[in-house]
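Take a look at the structure below.
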2 protein chains.
Amino acid sequence: MNTSPPRSLRHAAGRPSPTLEDLALAAGVSRSTASRAINGGDRVSPAAQAAVDRAVVALGYIPNRAARSLVTRRTSSIALVIPEPDVRVMMDPFFAVVITGITEALRETDVQLVLLMSRTDDDSARTLRYLRGGHVDGAIVVSHHEADSWARSLAETGLPTIFIGRPWDMTFDVTYVDTDNVGGGKLAAQHLSGIGRRRLATVAGPADMTAAVDRLRGWKAGLAEAGLPEGPVVHADFTTDGAAAAARLLLAEHPDIDGIFAASDLMALGVMEAIQAAGKTVPGDIALMGYDNHAVAETASTPLTTITQPMVEMAVKAGSMLLEEIEAPGSHPEPVIYSTRLVERESTSVAPTASAANA
Amino acid sequence: MNTSPPRSLRHAAGRPSPTLEDLALAAGVSRSTASRAINGGDRVSPAAQAAVDRAVVALGYIPNRAARSLVTRRTSSIALVIPEPDVRVMMDPFFAVVITGITEALRETDVQLVLLMSRTDDDSARTLRYLRGGHVDGAIVVSHHEADSWARSLAETGLPTIFIGRPWDMTFDVTYVDTDNVGGGKLAAQHLSGIGRRRLATVAGPADMTAAVDRLRGWKAGLAEAGLPEGPVVHADFTTDGAAAAARLLLAEHPDIDGIFAASDLMALGVMEAIQAAGKTVPGDIALMGYDNHAVAETASTPLTTITQPMVEMAVKAGSMLLEEIEAPGSHPEPVIYSTRLVERESTSVAPTASAANA
DNA sequence: TTGTAGGCGTTATCAA
DNA sequence: TTGATAACGCCTACAA
C-alpha cells in the first residue's frame, strides 16, 4: 500500500514568516505568554496583551496551522464529501447552494472547507483514508445513492458527521438534515387532485435515491388521502431527457392521463416536451407539476407549478450542526427536516390558458 | 488584531492513530527507515520496504499531515478562491465545472482542494491572510470583477497562483487560463453578418468583467471586418432579467434591428422575452445568439445558436499548471487560451421557421 | 543501507 | 500572571 504523496509539492522560497518566537521577542515576553495572548488572552496582563497585539500587526504574524494542529489535534477544517460519480449531476445548482450555505455557516469561524469529490471507488477509498486520517475535524456528506456506504464507514471512524439528505443506511443513527420530501410529494397530490384532476401519474426519480423515494411515498399517500387510485408510476434519472423518454412511454400507455407530477423541475421540462410531442397541451389537457423550484421552473415556456424547499437554510444548518457536534462530541443532535411549500404557476392553472396553444 | 480562532474545535477522543514510531516498531526498523520507505522508498532495502509495507496495512497507518507539513513546509493542499459576492452568480454552472476540472487535475495527487469564498471585504481580508499564512501550496483564483485586486495581492505573497479568466490587472504578469472571448465575439459577428443580417446590436455583459469586455471587443472587430457599423451596445449583468430590461430599451430605440448578440445564453433568454413581448419573432424578425453553450441554450423554446468553449479542459489545465508551478517555482508558464466554436441552432436559422410563431 | 539526533512552530504542564 | 520545558509526529542531515 502506497501512503506516499503521488506527487510532491515544493514551496517557493520566500522570506520566512515570523514565528511565535519572533513575536515573543518583539513583544518582550516569553513564548508562552505570547501564545496565551494570541489564544483568547487568558491569564495575561493587559500590558503583555497590548505588547503582543502590537507585535502581531508589526510583524504580520500568522500562526502556523500545522504546528498548532500537531499539538492541539484540531485541524480547523471540515470536509464536504460529494460521492457523485456523474459530472452532470454536479452541475445541479444544488451543490452550489450546499457549498454556499456551508460557507455561510463557517463565516465567523476560522474553519476552512475542503472539498472531497469521489467519483470512482478508488477515489472513495482515498477520501475515506483522508477522513480517517484526522485531517479534518468533521465532515458533511451529501448523501444520495443507495450504493455508497458512507454512513457506515463514517460512523465507524467516529468522526463528527452530518448528512445532507437522509442517508439510506439508518442503522447507525446518523445525524442529518433534509427537506420533507414525503410532505412535498403529498402536496403535489393534494394540489393536482384539488384542481379537479383525477387520472394522475408521476414520473418519479431514481429508486436508489432517498429524495426520490420519499417524494414518491408522499405522492402515493396524498393520492390515497384524496381517495384516488395510485395511478401509473414511471422512473427516470432526474434529467430532462430521461424524463422525456419515460413520459413518452407513459403517455402512450395511458392516453387519458390529465395530471402528471414530475419529481424534479428538470424532469418536468422533459415531460412537457413529451406532452407537446403527443399533441397535447399543458395545462389544458394535462396539468404538470415539477419539484425543487429550480430557476427553469419560472422561465419554462409554460411556467411550472412546483414545490419549493429552503435549501440554503438547510445547508447552513448542516454547517452549524457540524460545528456544534465538533465542539460537543457525543451530543447526537436530532435530525432536522425542513418543510416544503407549493408554488403555483401556469402549468396547473385550472382553466386552459393561452399558453396551451404552444403545443 | 485578533489572530485566534473565533471558535475552537475539540476533537472526539478516539483510539489514537499509530505514529511513525509505532510503524517502525511493528516493522522492526528505525523511524528513519520507516519514513524513507513511506516516502518513495529511496535507499531502503527490499526487505525493509516489505516489512514497512506490511506494517502499514497491519496498523492502518496514515501519515500525520500536520507533522509532515511542519517540517516539509508543504501542505499538500491548494486553494480555490472565489471572490464572488453574489450568491446567484455562484449558481452558474461555471463554478461546478471549475471545481470538477480542478478536482480532476488533482486526482492522481494527494493534494486537497480547499474552498475560499469571500463575499465581503472582511472575508477577503481573512482569505488573504489564510493565503499568506502558508496554509496552502498554491491558489487558483476565479477572476471576474475589476474591483478585486487579487492579482496584486497574490503576486506580492509570491504564492504560486493561476487565474481562471484573464485578470484585470495585468501589470504583474500573472499566469492564467482563459477562453478566447475576443475570438468568440468575433465569431458571433461573423455568423450574424454571414446569414445576411445587417442591423446588428449586442447586449454585452458587465463592463467590469474581462470576459464581457473581451467578447464585446471581438464583436466590434468582427463587425468592422464585415464592413458593418458598430451598432447599438447595451450592457446587462449576465442575468436573464437584466438582459430582458436592457433589450426592451434597445428594441424601443432601434425597432429596425434584425440581429442581436447576447453575451451569454442566460441573457439571450431575457432578450428573447423582450423580442417576443415586442411582438417580434426569433429568428424571423430578429436572429438571436447567445454565448456559453449553457444547457438552457438547447432547451429554450427556440434553441439558441451560441458559442461553446472547453470549460472543463480549461479548469483541468488550471489545476495541472498550478501543480507544475508549485513543483518548479519561478517557472512562469505562459497563459493558455482556449479557442471557441460556433454552435448553430434555430435562433439564427436563415429562413423563418415554424417556431417563430411562438411569439 | 541503516540508525541517531535534532528541529519544524505551537500548545500544555507546572513551578516560580 | 509568567516563563522554562516537554511534547506533538515527522523528516533529514549526518554518522555509522
Side-chain angles (χ1 to χ4, degrees), chain A residues 3-5 8-11 13 16-52 55-56 59-76 110 133-135, chain B residues 3-5 8-11 13-52 55-56 59-76 110 133-135:
Chain A
T3 49
S4 74
S8 74
L9 302 177
R10 258 169 290 152
H11 216 44
S17 39
T19 74
L20 188 60
E21 185 83 50
D22 303 328
L23 185 69
L25 191 66
V29 298
S30 71
R31 262 198 345 252
S32 325
T33 302
S35 175
R36 270 179 243 127
I38 282 174
N39 297 297
D42 217 26
R43 293 181 314 169
V44 11
S45 65
Q49 181 73 56
V52 172
V56 164
L59 272 57
Y61 172 77
I62 302 175
N64 181 316
R65 278 192 170 217
R68 176 177 276 176
S69 170
L70 186 55
V71 37
T72 61
R73 305 311 188 82
R74 303 184 279 98
T75 65
S76 287
D110 82 329
H135 305 315
Chain B
T3 49
S4 74
S8 74
L9 303 177
R10 258 168 290 152
H11 216 44
R15 179 171 33 76
S17 38
T19 75
L20 188 59
E21 184 84 50
D22 304 328
L23 185 69
L25 191 66
V29 298
S30 71
R31 273 203 328 261
S32 356
T33 302
S35 175
R36 279 187 294 258
I38 282 173
N39 298 296
D42 216 26
R43 293 181 314 168
V44 13
S45 66
Q49 180 75 55
V52 172
V56 164
L59 271 57
Y61 172 76
I62 301 175
N64 181 316
R65 279 194 170 216
R68 176 177 275 176
S69 169
L70 187 55
V71 37
T72 61
R73 305 312 185 84
R74 303 184 280 97
T75 65
S76 287
D110 82 331
H135 304 316

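Here is the naming used below: chain letters follow the sequence lines, and residue numbers restart at 1 for every chain. Values reported hereafter were calculated over all heavy atoms of this structure, with side chains retained and with hydrogens, waters and symmetry mates removed.
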### Query
If you pin B:R36 and B:A67 to their nearest nucleotides in DNA chain D, which one's is more 5'?
B:A67
### Task
Report yes if some heavy atom in the side chain of A:D110 is under 4.5 Å from a heavy atom in the side chain of A:R65; otherwise report no.
yes
### Heavy-atom pair of closest approach, residues A:L20 and A:S35
CD2-CB, 3.8 Å
### Summary
Here the pair of heavy atoms bringing A:A26 nearest to A:A55 is CB-CB, 4.0 Å
### Query
So which heavy atom on A:Y61 is nearest to which on A:T19, and how close?
CE1-C, 3.6 Å
### Query
Reckon A:A48 touches a base, only the sugar-phosphate, or nothing at all at heavy-atom distances under 4.0 Å?
sugar-phosphate
### Message
For the helix from C:dT1-D:dA16 to C:dA16-D:dT1, what angle separates the axis at the start from the axis at the finish, each from five pairs, in steps of 10°?
### Response
30°
## Note on the structure
Ranking B:L70 and A:Q49 by the position along DNA chain D of their nearest nucleotide, the one closer to 5' is A:Q49
#### Entry: Residues in contact with DNA chain D, drawn from residues 22-32 of chain B - heavy-atom cutoff 4.0 Å
B:R31, B:S32
## Note on the structure
With sequence neighbours left out, the residues meeting salt bridge (charged side-chain N to carboxylate O under 4.0 Å, His left out) with A:R31 are A:E21
### Task
Write down the atom of A:G134, the atom of A:T75, and the distance for their closest heavy-atom approach.
O-CG2, 3.3 Å
#### Entry: Covered region of DNA chain D, 5' end to 3' end, by chain A [heavy atoms, under 4.0 Å]
D:dT1 to D:dG9
### Message
Working to the nearest 0.5 angstrom, can you tell me the gap between A:H135 NE2 and B:S69 OG?
### Response
11.0 Å
### Query
With sugar-phosphate meaning primed atoms plus P, OP1 and OP2, does B:S35 contact a base, only sugar-phosphate, or nothing at under 4.0 Å between heavy atoms?
base
#### Entry: Non-hydrogen atoms of A:A34 and A:L23 that approach each other most closely
CB-CD2, 4.4 Å
### Query
Mapping B:V71 and B:P46 onto DNA chain C by nearest heavy atom, which one lands closer to the 5' end?
B:P46
#### Entry: Atom of A:V44, atom of A:Q49 and distance for their closest heavy-atom approach
CG2-N, 3.6 Å
### Message
Going 5' to 3' along DNA chain C, which are the first and last nucleotides with any atom under 4.0 Å from a heavy atom of chain B?
### Response
C:dT1 to C:dG9
### Any A:I38 side-chain heavy atom under 4.5 Å of A:R68 side chain
yes
### Summary
Sorted by chain and number, sequence neighbours left out, side chain to side chain donor-acceptor pair (under 3.5 Å) with A:T33 holds for A:S30
